[in-house]
Amino acid sequence: MKVVFMGTPDFAVPCLETLTQSRHKVIAVVTQPDRPRNRGQVTFCPVKERALELGIPVLQYEKVSREGVDDIRALNPDVIVTAAFGQMLSCEFLEIAPYGVINVHASLLPKYRGSSPIQWAVINGETETGITIMKTAYKMDSGDIITQKEVAIGEDETAGELFEKLSRAGAPELVKALDLLEDGKATFTPQDESKATYFPMLKKEDGEVDFSLPAHDVVCRIRGFNPWPSAFTSAGGKRIKIFKAAVVEGKGKPGEVIAAERDGITVACGDNAVKITELQPENGKKMSARDYLAGHKITVGTVFGNV
RNA sequence: CGCGGGGUAGAGCAGUCGGUAGCUCAUCGGGCUCAUAACCCGAAGGUCGUGAGGUUCAAGUCCCACCCCCGCAA
């Protein structure tokens, strides 16, 4: 089938690549516009970069449903595929291709609808999530399911690691779904609305660690926010990002440092404590707690958070 | 021209008023210990991001240019 592929971040890249190696043909790629980057070199989004390498034409629109309809209709695609594209699509847009729009979603729908399903699954301490390939309906992530694949979440897995796993798992599922569609063997299973859950997009400020929560919850949040937007707290007026931590025994006022040793900085939580093993100081690079302590004086009794 | 911080031993940092550098950890050697990631003693390791740039008797420290890294904001 002739496919128009729409996606933006790293997550979508394996889908695009696998698609180009399948029997289907990607005739164009649509991504979000290049955002102005002030610091460092301006780079295209991962999908655009890969598409250019593969020699596939790239289209970019602020609102594809408004500005891109005619262009895409003119390409005469059999199906349009989206993977972490990042824009809502209009009803008109959904009708452009005969097979409509097929979406790759990183959760087992109807659970975890919304734009940050991977992080939320980790934050909530889930042990399993997955990939859903569905036909896109107008209402966010509510379309009929074509295929699903479960993926286990490791106990210490970060959202970033899970991202990669799901991204790799999603690519073959997508091809499978397109094959089924083309062969007329696809089934469309409606979602059970009563079981639907929705989680909003993660915001940067949501990453502030609340040490009054139980240690387990704190760790899940730290895992879920790693690597983006990253969990953080503050000490001495400086912001510190926290990337890795584990639950340990300990008691103290929430946020209080109860140990600062080579293997980690232990901070008391609402219940038990967390040992921080990887962090990043303001203006610094990500480093182990051990390296951090070599040059920063963190003493027992220091309180993190609430500046 | 969005705001700001930084590039000093392998790593993380300090270096006050300009006078050729210091701390913690790691490394190597030795010691102590039943033992140890612990402790004690000692050693090695740096042309201080780049420019045979500017100011100066003298620059890590001040000025200029460039490169790279990072935080915030988008």
Side-chain angles (χ1 to χ4, degrees), chain A residues 6-12 30-49 58 60-64 66-67 84-88 114-116 119 156 158-161 163 200-211 218 221-250 255 257-267 273-307:
Chain A
M6 313 210 295
T8 302
D10 289 312
F11 179 80
V30 181
T31 78
Q32 296 267 38
D34 300 327
R35 303 293 181 198
R37 281 268 201 74
N38 298 312
R39 188 160 57 68
Q41 289 210 332
V42 183
T43 45
F44 301 145
C45 67
V47 166
K48 177 172 178 180
E49 201 133 290
V58 175
Q60 296 178 290
Y61 306 96
E62 203 58 59
K63 287 194 181 294
V64 70
R66 188 164 306 174
E67 309 151 16
F85 176 55
Q87 289 181 25
M88 298 284 279
S115 46
S116 308
Q119 283 106 322
D156 298 317
T158 64
E161 290 158 356
F163 239 94
M201 182 148 70
L202 237 43
K203 284 176 300 200
K204 204 133 190 163
E205 60 265 31
D206 297 331
E208 177 148 23
V209 178
D210 178 359
F211 286 106
V218 170
R221 291 190 77 89
I222 290 169
R223 286 165 53 216
F225 278 80
N226 175 351
W228 195 92
S230 77
F232 65 89
T233 186
S234 52
K238 302 251 170 133
R239 177 175 287 213
I240 297 174
K241 290 187 178 181
I242 302 172
F243 288 95
K244 287 222 167 113
V247 177
V248 293
E249 300 266 312
V257 174
I258 54 179
E261 296 159 334
R262 59 202 310 138
D263 62 337
I265 300 168
T266 306
V267 182
V274 294
K275 179 175 282 188
I276 299 169
T277 53
E278 194 175 307
L279 67 167
Q280 176 175 20
E282 189 170 305
N283 297 329
K285 292 185 178 175
K286 193 194 296 187
M287 65 186 79
S288 64
R290 183 197 187 123
D291 286 344
Y292 181 81
L293 289 172
H296 300 78
K297 291 155 206 155
I298 291 282
T299 49
V300 172
T302 301
V303 177
F304 281 170
N306 66 73
V307 185

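To find a chain, count down the sequence lines: A is the first, B the second, and so on, and within it residues start at 1.
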Which residues pass the side chain to side chain donor-acceptor pair (under 3.5 Å) test with A/Asp10, not counting sequence neighbours? none

Those residues at least two apart in sequence (or on a different chain) that pass side chain to side chain donor-acceptor pair (under 3.5 Å) with A/Asp210 are A/Ser212

Provide the distance between the two [atom1] atoms, one in [N] and one in [M], to the nearest whole Å.
N	M	atom1	value
B/A44	B/G30	C1'	14 Å
B/C66	B/C72	P	26 Å
B/G49	B/C32	P	43 Å
B/A74	B/A65	P	29 Å
B/A9	B/C23	P	14 Å
B/G19	B/G60	C1'	12 Å
B/C68	B/U27	C1'	28 Å
B/G29	B/G45	P	16 Å

Indicate whether OP1 or OP2 belonging to B/U24 is found under 4.0 Å from a side-chain N or O atom of A/Arg262. no

For [N], the Watson-Crick or wobble counterpart (both distances under 3.5 Å):
N	value
B/C72	B/G2
B/U33	none
B/A43	B/U27
B/G51	B/C64
B/A14	none

Distance check needed: [N] [atom2] versus [X] [atom1], whole Å only.
X	N	atom1	atom2	value
A/Glu261	B/U36	CD	C1'	15 Å
A/Glu282	B/A73	CD	P	11 Å
A/Met201	B/A74	CE	C1'	13 Å
A/Lys241	B/C69	NZ	P	16 Å
A/Arg239	B/C70	CZ	P	17 Å
A/Trp228	B/C70	CH2	C1'	18 Å
A/Asn283	B/C69	CG	P	15 Å

Sequence neighbours left out, what passes side-chain contact (heavy atoms from CB on, under 4.5 Å) with A/Pro227? Give chain and number order. none

Qualifying residues under side-chain contact (heavy atoms from CB on, under 4.5 Å), relative to A/Phe243, sequence neighbours excluded: A/Asn226, A/Ser230, A/Lys241, A/Glu278, A/Gln280, A/Lys286

Residues in salt bridge (Lys or Arg N to Asp or Glu O under 4.0 Å) contact with A/Glu205, at least two apart in sequence or another chain: none

Please work out if A/Gln280 contacts a base, only the sugar-phosphate, or nothing of the nucleic acid, heavy-atom cut-off 4.0 Å. sugar-phosphate

Contact class for A/Lys238 (heavy atom, under 4.0 Å): base, sugar-phosphate, or nothing? nothing

Side-chain ion pair, A/Lys275 and A/Asp263, N-O less than 4.0 Å: yes

Does A/Glu208 reach the side chain of A/Phe232, with side-chain heavy atoms less than 4.5 Å apart? yes

Nucleotide-resolved protein contact map, nucleotides 10-16 of chain B, B/S/- at heavy-atom distance under 4.0 Å: -SBS---

Would you say A/Gln32 and A/Gln87 are linked by a side-chain donor-acceptor pair, where the criterion is simply a distance under 3.5 Å? yes

